[in-house]
Each structure stands twice: as structure tokens, then as C-alpha cells.
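Below is one structure, written out as C-alpha cells; the observations come after it.
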Amino acid sequence: MEGVAVVVDGEGFVGCVRGLRDALAGLPVVVGLLPSSRAAHGVVARGYDVFGQGAFGDMVALSCTVSPGAGAARAEAMRFLDGVISVVGKSGMVGWLFRVLWRADGSLLDAYGRVAEGRMPLPGEESADELEGYVDAVCRMGAWVLLRWSLDDDVTRVWTDLLLQGRYLEVLDGMMPYVSVSFDSRGVERMKEVLAFRESGAGLGSSSGSSVSVADAVGVSTDSVDADVADAAWDAALSDAAIGLDAGVVRASRQYVFDSEHVEAACGVLAGVESGDACSNVVAGPWLDRNFVDSKARGLVGARLASLLMRAVDERDGEALHEALGVLSDCRDCVRGYGVPALPIMLAGMGQDMTARRGGRRDDGSSPEALDMSAAAAVVALTWIADVKAARNMGLALLSGDMPGYVRLADQFLNGSAEMGVRSMEG
């Protein structure tokens with residue numbers, strides 16, 4: 001990804017961080033997070049408003065609780081907030097985000113190196129799985145911060161979408177020309193390791209696929225395609241209700257169905273197993289490239305579900321592949337029946353179901369499953385909604401777990417059917 005400048009409200013961001021720090025500093029540790037403690041609840045709410053749902057907002061919330069470790073948690077949160085204020089003051093908000101992403105990726109790369117060498121983590125070292133979770137949290141936080149404080153809708157849409165898809169290396173590429181960073185000899189070696197790691201196609205964020213239109217993917221010149229004939233052919237893939245939606249939604253829904261069917265067929269070919277009801281003759285050109293298919297899958301169902309799908313492909317696990325493709329088929333059916341803006345509602349419901357199956361509360365929006373699926377839902381909005389400002393606002397609503405807010409935004413494209421979808425999900 002080429003370097004792209006992005007304009008952000010860095011002063012507004014650091015002002016909110018400073019206000020959060022001062023409020024936290026003024027909160028006695030003994031107060032705790034109690035129903036009568038409005039001050040503590042206010043600090044917790046501010047933490048999630050600044051850093052979004054996930055590990056960084058949780059860190060602030062933990063520092064407000066009554067627990068044996070509350071003092072240590074408070075000290076850790078204060079160090080973090082002081083560090084944010086300092087780095088943003090020196091390098092700007094994008095410079096701070098770059099450093100957080102770079103360090104998280106460095107820790108993950110070291111962990112992958114231990115795995116490759118067959119070494120177990122030493123005491124105090126985190127496992128690759130734990131660090132993958134941390135990188136996910138950093139990407140989710142970075143997406144939230146950009147959606148809240150960036151002043152550039154177009155670049156924000158691209159960067160946040162890539163972050164939530166786990167393709168953060170592409171975001172680092174885009175940021176690098178515009179952040180004041182310098183590398184010592186170790187940093188240069190790290191850069192070489194990252195580039196080699198990316199070339200290997202392994203790990204999170206290694207996807208390099210780019211967007212391809214229907215005509216490009218099948219090798220057809222758009223000049224030779226009759227638009228009316230093409231529209232009629234793709235209308236057959238959508239329900240009557242979906243065809244009657246906003247024109248931009250209809251186009252996006254057709255493309256989603258196309259990409260979904262091709263990802264399903266390509267996964268079957270790459271794994272060497274049958275791919276369900278997808279037509280095997282649709283796989284050609286870029287669809288035979290594993291990284292391209294991975295990139296497309298991330299845009300369809302988000303990082304978590306796409307990772308499960310591609311792991312099944314890589315391991316040639318027919319049972320896991322069948323299960324993952326079943327989820328992809330369900331998503332395609334949702335888009336085919338109701339249009340692409342309805343899919344985030346379904347994905348949020350999946351997060352609730354996954355939490356309940358694990359034994360958690362179905363309405364726990366902070367569960368790992370709910371956070372993964374809210375990120376996937378935001379990916380769908382950012383990838384497939386043509387209205388950039390609407391997509392940005394949808395992303396914010398979905399990442400914060402504000403489903404009523406999302407419904408209000410989606411109904412302008414769904415002729416009021418989003419509300420019915422939420423009622424169905426809740427029922």
C-alpha cells in the first residue's frame with residue numbers, strides 16, 4: 001500500500017486522553033466500581049469512549065474496580081495514558097499509532113520465531129496465541145481511534161477496514177512516509193525480517209490481495225459487457241426484496257454474492273476437496289492465489305472467520321472447511337435475501353450465540369466472541385457500503401455495540417427492514 005497522508009484531530013484526541021488521565025488520577029482507589037460511584041462509572045465510560053471496546057478500554061475499567069490488584073492496574077493505566085500523551089505530543093496521533101502497531105507486530109514476530117525454532121516461551125514471555133490476541137486488540141483500538149478522530153473519511157475508511165481485517169502491515173506501509181521514525185541497526189534488521197515474513201505469506205496481516213471487479217476476475221473486458229444483460233444475470237442471485245433496495249446496495253450485494261461464491265470454490269480447489277454447491281469452473285486467474293483468496297475472505301466475513309476458513313484450507317481439513325464454508329454460505333444467503341447492510345446484524349447475533357455456547361451471557365458485548373464479531377460486522381460496513389460517511393458512522397456504531405444506532409443508519413438503505421432484522425435476532 002502506497003503512503004497516504006491522513007488528517008487527524010490530534011489535539012482533540014490528546015485532550016480527551018489528558019482529561020481521562022486527570023479523571024482517573026482524581027479517583028481514589030478505595031472508591032471502586034460500585035453502583036453508587038458515579039465518578040468511577042464516568043471514568044470507565046470515558047475510557048471506552050477514547051479507546052473503544054476491548055483491552056485498552058478494559059485496562060481503564062480494571063483500574064477503577066475494588067480488587068487486590070486495583071492499585072497495580074491503576075499504575076499501569078496511568079503509565080499508558082502518560083505515554084500516549086507524550087508520544088502524540090512529539091510524533092502526532094498517527095505516529096503514536098504506528099509505534100503501537102510496530103511494537104505489537106515485533107512481539108508477535110518474535111513469538112513466531114520461537115514457534116519455528118521449536119522453543120517454548122520463557123517465564124514472562126507470552127505465547128504466539130496470546131500475542132495474536134494482543135495484536136487484534138491493537139488493531140481494533142487503532143480502528144476506533146481513527147474512526148473517532150480522523151478528519152479524512154476516505155483514508156480512514158481504507159485504514160480502519162484493513163486494521164479490522166488484520167492486514168495491519170499494509171497500514172504500516174501507508175503510515176511510514178508520514179511519521180517521524182528512525183531505525184537503529186536492530187530496527188533495520190527487524191524491517192528485513194518483516195519483509196521476509198510477509199513474502200512467506202504466513203501469520204496475521206500478511207495478505208496482499210487487492211480488490212478485483214467481477215469483470216476483471218473472470219478476465220472479461222468491461223467494454224464488451226452489456227450492462228443490462230449483466231444486471232439481469234446478477235439480479236437472479238438476489239431476492240426480489242433485495243433488488244428493490246438502494247441502487248448502491250444492490251451493486252454491493254451482487255458483488256458480495258459473486259466474491260463469496262468464488263471464495264468458496266477457490267477454497268475447495270486450494271484444499272483439494274469438494275467445495276459444496278459452488279461451481280468449480282469459476283476458479284481461474286487470481287482466485288488460484290491463496291493470499292488473494294484470504295484477502296477476499298477477510299472482506300466478506302472479517303478476520304476471525306476468514307482465519308478459520310484459511311486454516312482449514314492450509315491443513316486440508318475437510319470437516320473444518322465444510323463448517324467454515326457453511327458460515328460463509330449463511331452470510332451469502334443473508335445478503336442475497338436482504339442486502340449487504342443486513343449482514344452486520346446477523347454477524348452481531350452470531351457473536352451473541354458464540355458467547356452463549358461458551359457459557360457466557362448472551363448479551364455480554366465485551367466477550368472475545370462479541371468483539372470478534374463486532375469487528376467483522378464493521379468490516380462488512382466499511383468494505384461494502386458505498387457512502388463513505390455512512391460507512392464510517394456504521395463502523396463506529398458496530399464497534400461500540402450500538403445496534404440501535406446501526407439500525408438507524410442501515411434503514412436508509414434497507415427501506416426500514418433493519419429493525420425487523422434486529423427483532424428477529426433478539427427473538
Side-chain angles (χ1 to χ4, degrees), residues 161 165 167 207-271 274-302 305-306 309-310 313 321 324-344 346-347 376-377 379-387 391 413-414:
D161 196 9
Q165 290 185 37
R167 296 165 59 186
S207 307
S208 58
S210 57
S211 178
V212 174
S213 70
V214 172
D216 291 338
V218 296
V220 178
S221 168
T222 53
D223 295 335
S224 65
V225 176
D226 185 305
D228 293 334
V229 172
D231 286 351
W234 280 103
D235 279 349
L238 303 178
S239 71
D240 291 342
I243 294 171
L245 298 176
D246 171 85
V249 168
V250 172
R251 286 193 297 272
S253 300
R254 290 174 183 149
Q255 184 73 49
Y256 187 101
V257 170
F258 175 91
D259 284 3
S260 174
E261 290 179 339
H262 279 63
V263 165
E264 181 175 345
C267 285
V269 171
L270 292 171
E274 292 297 325
S275 58
D277 59 1
C279 299
S280 59
N281 62 358
V282 301
V283 180
W287 295 100
L288 295 174
D289 182 332
R290 187 262 182 211
N291 282 347
F292 177 85
V293 175
D294 175 52
S295 172
K296 285 295 185 180
R298 288 170 185 257
L300 293 169
V301 293
L305 296 176
L309 174 60
M310 298 312 296
V313 169
L321 180 62
L325 290 177
V327 174
L328 179 62
S329 178
D330 289 343
C331 292
R332 181 169 64 245
D333 288 344
C334 176
V335 171
R336 182 180 280 129
Y338 305 103
V340 76
L343 182 55
M346 174 182 156
L347 291 171
V379 163
V380 170
L382 291 164
T383 302
W384 298 98
I385 300 299
D387 185 321
F413 303 107
L414 293 175

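This is a predicted model, so every value here is computed, not measured.
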message: What's the separation between atom OG in S260 and atom NE2 in H262, rounded to the nearest 0.5 Å?
response: 11.0 Å

- line: Taken to the nearest 0.5 Å, the spacing of L305 CG from M310 CE works out to 13.5 Å

message: Nearest 0.5 angstrom please: L343 CG to Y338 OH, how far?
response: 12.5 Å

- line: What one should report as the nearest heavy-atom pair of C331 and V301 is SG-CG1, 3.9 Å

task: Measure the spacing between CZ of R336 and CD of E261 and express it to the nearest 0.5 Å.
output: 5.5 Å

- prompt: Can you say whether the rings of W287 and F258 are parallel (under 30°), tilted (30 to 60°) or perpendicular (over 60°)?
  reply: perpendicular

task: For L347 and C334, run side-chain contact (heavy atoms from CB on, under 4.5 Å): C-alpha distance rounded to whole Å, both residues' side-chain angles, the deciding distance at 0.1 Å, then the answer.
output: CA-CA 10 Å; L347 291 171; C334 176; over 6 Å; no

Which atom of L288 lies closest to which atom of L270, heavy atoms considered: O-CD2, 3.6 Å

message: Quick one, L300 with R332, criterion side-chain contact (heavy atoms from CB on, under 4.5 Å). Give me CA distance, side-chain angles, the key distance, then yes/no.
response: CA-CA 9 Å; L300 293 169; R332 181 169 64 245; over 6 Å; no

query: Should W384 and D259 count as side-chain neighbours, where that means a heavy-atom distance under 4.5 Å?
result: yes

task: Check P341 against I385 and note the closest heavy-atom contact, atom names and distance.
output: CG-CD1, 3.8 Å

- prompt: Are side-chain heavy atoms of L309 and C267 found at a separation under 4.5 Å?
  reply: yes

message: Nearest 0.5 angstrom please: S295 OG to R290 CZ, how far?
response: 11.0 Å

query: Taking S253 for the side chain and V340 for the main chain, is one N or O donor matched with an acceptor at less than 3.5 Å?
result: yes

- prompt: About how many Å separate CD of Q255 and OG1 of T383, when rounded to the nearest 0.5 Å?
  reply: 11.5 Å

